[in-house]
Amino acid sequence: MSCVLVSSIENKVAKLWQRFYCGVSLHLMTKEATASRVELGELLPLMEEFYTIQGEGAHTGTPAYFIRVGGCDVGCHWCDVKESWDAAIHPPTEAAAIVANAKKYSKTIVITGGEPLMWDMNHLTSMLKAEGLNVHIETSGAYELSGHWDWICLSPKKRMLPKPRIYDEAHELKVIIYNKNDFAFAEEHASKVNGKCELFLQPEWSVREKMTPLIVDYVMANPKWKVSLQTHKYLNIP
Ligand code: SF4
């Protein structure tokens with residue numbers, strides 16, 4: 001089985017099936033039942049979950065429980081979580097178990113990835129909302145929006161542009177600045193979001209010393225934007 005992610009649900013499910021064949025969960029359910037439960041979002045490829053401080057964007061400084069869902073085929077060359085890309089290496093996990101863990105730690109839950117919208121988020125987010133939790137997502141928007149969200153952070157990527165609907169729904173637009181061309185990319189997407197959407201420019205970590213001064217100048221000249229830094233990395237926390 002190739003490790004290259006493809007966008008069709010059939011192939012994502014096939015990869016998860018293979019994991020089941022090799023793993024410990026096969027005896028619990030049939031192949032068909034597994035596929036059905038993945039499609040419904042009842043099982044999700046969980047990469048990691050952890051309680052920390054939201055380091056970026058509008059909720060910087062807020063304690064939050066992060067749920068990192070595996071799977072991404074956007075392919076940003078500077079991605080700092082490339083180990084998330086292959087969904088098949090992350091165990092299909094009961095959404096109910098994820099919720100049971102999350103609610104022990106925080107009222108604010110951040111679903112991130114990978115690209116979480118590769119999966120149906122309705123089931124997981126319905127359960128989180130039923131527990132009275134504030135549910136946030138960090139997404140490239142490259143897949144159709146699913147789920148019930150209190151906060152949508154849209155971080156568009158050049159390699160796979162957002163689906164149109166999310167521009168109306170986003171609460172926050174966070175554009176990663178890797179080079180000077182990214183300012184024009186940021187403006188292009190700022191012109192598409194709704195009027196209440198907060199706008200952030202964030203230096204890509206590996207070029208932060210070069211790009212942060214440019215972002216500071218840009219934001220002072222264009223004050224509809226704010227600066228976002230990856231403060232969790234400065235704090236050396238997850
Ligand atoms: S969309 Fe996010 S997870 Fe996917 S490659 Fe880009 S930075 Fe990495």
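When a ligand or atom number is given, it counts from 1 through the structure's own listing order. Keep in mind that what you see is a predicted model, and the values were worked out from it rather than measured.
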**Request:** Looking only at protein heavy atoms, identify the closest one to atom 8 (Fe) of ligand 1 and say how far it is in Å.
**Result:**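 Protein heavy atom with the smallest distance to atom 8 (Fe) of ligand 1: Cys79 SG, 2.2 Å.
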**Shortest protein contact, atom 6 (Fe) of ligand 1 (heavy atom only)** =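 Going by distance alone, atom 6 (Fe) of ligand 1 is nearest to Cys76 SG, 2.4 Å.
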**Item:** For Gly75, the ligand 1 atoms whose distance to one of its heavy atoms is below 4.0 Å
**Value:**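 Those qualifying, in numeric order: 5 (S).
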**Item:** Subset of ligand 1 atoms that lie under 4.0 Å from at least one heavy atom of Trp85
**Value:**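 This gives 5 (S), 8 (Fe) as the contact atoms.
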**Message:** Taking atom NZ as the centre, does Lys180 end up with more than 12 heavy-atom neighbours from other residues, nucleotides or ligands that are less than 6.0 angstrom away?
**Reply:**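 It does not: Lys180 NZ has 12 such atoms or fewer within range.
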**Asked** If you count the non-hydrogen atoms of other residues, nucleotides and ligands that lie under 6.0 Å from NZ in Lys163, is the total more than 12?
**Response**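 Counting other residues, nucleotides and ligands, NZ of Lys163 stays at 12 neighbours or fewer.
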**Asked** Under 30°, 30 to 60°, or over 60°: which ring-plane class applies to His59 and Trp151, parallel, tilted or perpendicular?
**Response**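 Rings of His59 and Trp151: perpendicular, as their planes differ by over 60°.
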**Asked** With respect to Gln202, which candidate in Arg208, Met211, Glu56 satisfies the side chain to side chain contact (heavy atoms under 4.5 Å, CB included) definition?
**Response**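 Testing Gln202 for a side chain to side chain contact (heavy atoms under 4.5 Å, CB included) against Arg208, Met211, Glu56 leaves exactly one candidate, Glu56.
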**Request:** Only heavy atoms count here, so choose which of Ala142, Gly114, Gly141, Gly113 is nearest to atom 2 (Fe) of ligand 1.
**Result:**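 That would be Gly114.
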**Prompt:** When Ser140 is tested against each of Lys157, Arg159, Glu115 for side-chain hydrogen bond (donor to acceptor under 3.5 Å, both in side chains), which residue passes?
**Reply:**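 Passing option: Glu115.
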**Request:** Please find out if atom 6 (Fe) of ligand 1 and some N, O or S atom of Cys72 are separated by less than 2.8 Å.
**Result:**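 For Cys72, the answer is no, given that no N, O or S atom comes within less than 2.8 Å of atom 6 (Fe) of ligand 1.
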